[in-house]
J.: 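Got a structure for you, written out below as structure tokens; questions coming shortly.
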Amino acid sequence: MTAHDDDTHSADAQRAWSNLREIVLGGNERRKDVVDALGMSFFRVKALRRIAKGPLTLRELAEQLMTDRPYTTLVVDDLAGRGLVERSANPADRRSKIVSVTPAGREAALRAEAILGTPPPALLALPPEDLAALARITARLTGGAVVEGRRTT
């Protein structure tokens, strides 16, 4: 590969990355839809979605959300006040609490996932062969593989 080829390759990669960012973060973003549907900040939705995957200590949740524990406590307090999560004693450490999702919280998390998982109209409008190629490429970028239209990891 020549220096010119390297420059072309780098420019193509930058254009592709810019396009991917626009698809995810641009006009097709679903964050506002989730916030409007659930009536809470996207950060709270993010916390709820993490808790819905399995019970966590406040420390674990703070680490996953990359925030401090006092703020995480405020977020969990709000989610608990909405009836979406509950705290219980941590059997492994009496000084900490385990945060678990409630049935209403699981329903809200599933609703958020459905909204966030809805492809934008421009993607749905692509012909099947383009969608298949895009699925193969994005699976490769994320470390998975696509077999017969289904992603595997």
Side-chain angles (χ1 to χ4, degrees), residues 8-88 90 96-153:
T8 300
H9 185 78
S10 180
D12 287 345
Q14 285 180 324
R15 276 193 298 280
W17 180 242
S18 178
N19 289 339
L20 288 169
R21 285 181 34 227
E22 179 60 28
I23 290 167
V24 174
L25 301 174
N28 298 312
E29 187 178 11
R30 299 284 186 226
R31 289 169 66 130
K32 183 181 180 325
D33 297 339
V34 170
V35 166
D36 291 346
L38 298 182
M40 63 180 138
S41 73
F42 190 76
F43 191 82
R44 282 167 170 68
V45 172
K46 184 178 177 182
L48 178 63
R49 290 171 56 225
R50 296 288 171 105
I51 298 164
K53 290 179 182 177
L56 298 167
T57 65
L58 283 171
R59 177 188 302 261
E60 291 168 335
L61 182 59
E63 288 171 1
Q64 288 187 22
L65 297 173
M66 294 185 285
T67 191
D68 59 39
R69 288 194 319 206
Y71 184 66
T72 304
T73 298
L74 291 174
V75 169
V76 169
D77 286 347
D78 181 70
L79 294 174
R82 295 169 185 260
L84 303 174
V85 302
E86 59 190 9
R87 288 185 179 95
S88 59
N90 183 350
S96 72
K97 300 286 186 188
I98 300 283
V99 183
S100 304
V101 71
T102 64
R106 183 163 315 287
E107 185 178 313
L110 289 171
R111 188 170 177 203
E113 293 295 339
I115 293 167
L116 292 169
T118 301
L123 188 61
L124 292 170
L126 289 175
E129 60 275 6
D130 287 353
L131 276 175
L134 185 58
R136 280 191 307 276
I137 293 166
T138 55
R140 190 170 173 194
L141 291 172
T142 59
V146 174
V147 179
E148 296 179 23
R150 297 179 70 184
R151 182 167 181 217
T152 63
T153 51

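Values reported hereafter were calculated over all heavy atoms of this structure, with side chains retained and with hydrogens, waters and symmetry mates removed.
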J.: If I take atom CG from residue L110 and atom CZ from residue R49, how far apart are they, to the nearest 0.5 angstrom?
T.: 11.0 Å

J.: Is there a side-chain contact between T57 and N90, using heavy atoms and a 4.5 Å cut-off?
T.: yes

J.: Report yes if the side chains of P127 and D130 come closer than 4.5 Å at any heavy-atom pair, otherwise no.
T.: yes

J.: Might you point out which heavy atoms bring P55 and S100 nearest each other, and give the distance in Å?
T.: CB-OG, 3.6 Å

J.: Hey, could you give me the CG/OG1 distance between L74 and T67, rounded to the nearest 0.5 Å?
T.: 9.5 Å

J.: Which pair of heavy atoms, one from Q64 and one from R50, lies closest together, and at what distance?
T.: O-NH1, 3.0 Å

J.: Given side chains that start at C-beta, do those of T72 and P70 come closer than 4.5 Å, heavy atoms only?
T.: no

J.: Hey, could you give me the CZ/CG distance between R82 and L79, rounded to the nearest 0.5 Å?
T.: 7.0 Å

J.: Which pair of heavy atoms, one from L38 and one from A112, lies closest together, and at what distance?
T.: CD1-CB, 3.8 Å

J.: As an exercise, state the distance from CG of L116 to NZ of K46, rounded to the nearest 0.5 Å.
T.: 11.5 Å

J.: Roughly how far apart are L141 CG and L20 CG, rounded to 0.5 Å?
T.: 7.0 Å

J.: Above 12 or not: heavy atoms from other molecules or residues under 6.0 Å from CD of E113?
T.: yes

J.: Closest approach of V35 and F42, non-hydrogen atoms and distance?
T.: CG2-N, 3.5 Å

J.: Between R30 and P120, is any pair of side-chain heavy atoms under 4.5 Å apart?
T.: yes

J.: Could you give me the CA-CA distance, side-chain angles and deciding distance for L84 and M40, then say whether side chain to side chain contact (heavy atoms under 4.5 Å, CB included) is met?
T.: CA-CA 12 Å; L84 303 174; M40 63 180 138; 3.5 Å; yes

J.: Would E107 and R111 count as a side chain to side chain contact (heavy atoms under 4.5 Å, CB included) if you check the C-alpha gap in whole Å, the side-chain angles of each, and the deciding distance to 0.1 Å?
T.: CA-CA 6 Å; E107 185 178 313; R111 188 170 177 203; 5.8 Å; no

J.: Salt bridge between D77 and R87, side-chain N to carboxylate O under 4.0 Å?
T.: yes

J.: Go through the steps to decide whether V76 and L58 satisfy the test side chain to side chain contact (heavy atoms under 4.5 Å, CB included), and finish with yes or no.
T.: CA-CA 8 Å; V76 169; L58 283 171; 3.6 Å; yes

J.: Please find the pair of heavy atoms, one from L65 and one from A47, that lie closest to each other, and give the distance.
T.: CD1-CB, 3.7 Å

J.: With distance as the sole test, does T142 use its side chain to make a donor-acceptor pair with the main-chain N or O of T138 at under 3.5 Å?
T.: yes

J.: Heavy atoms only: give me the nearest A37-I115 pair and the separation to one decimal.
T.: CB-CD1, 3.6 Å

J.: Say you draw a straight line from CD1 of I51 to CD of E86; how long is it, rounded to the nearest 0.5 Å?
T.: 11.0 Å

J.: For L48, which of V99, V75, V101 qualifies under side chain to side chain contact (heavy atoms under 4.5 Å, CB included)?
T.: V101

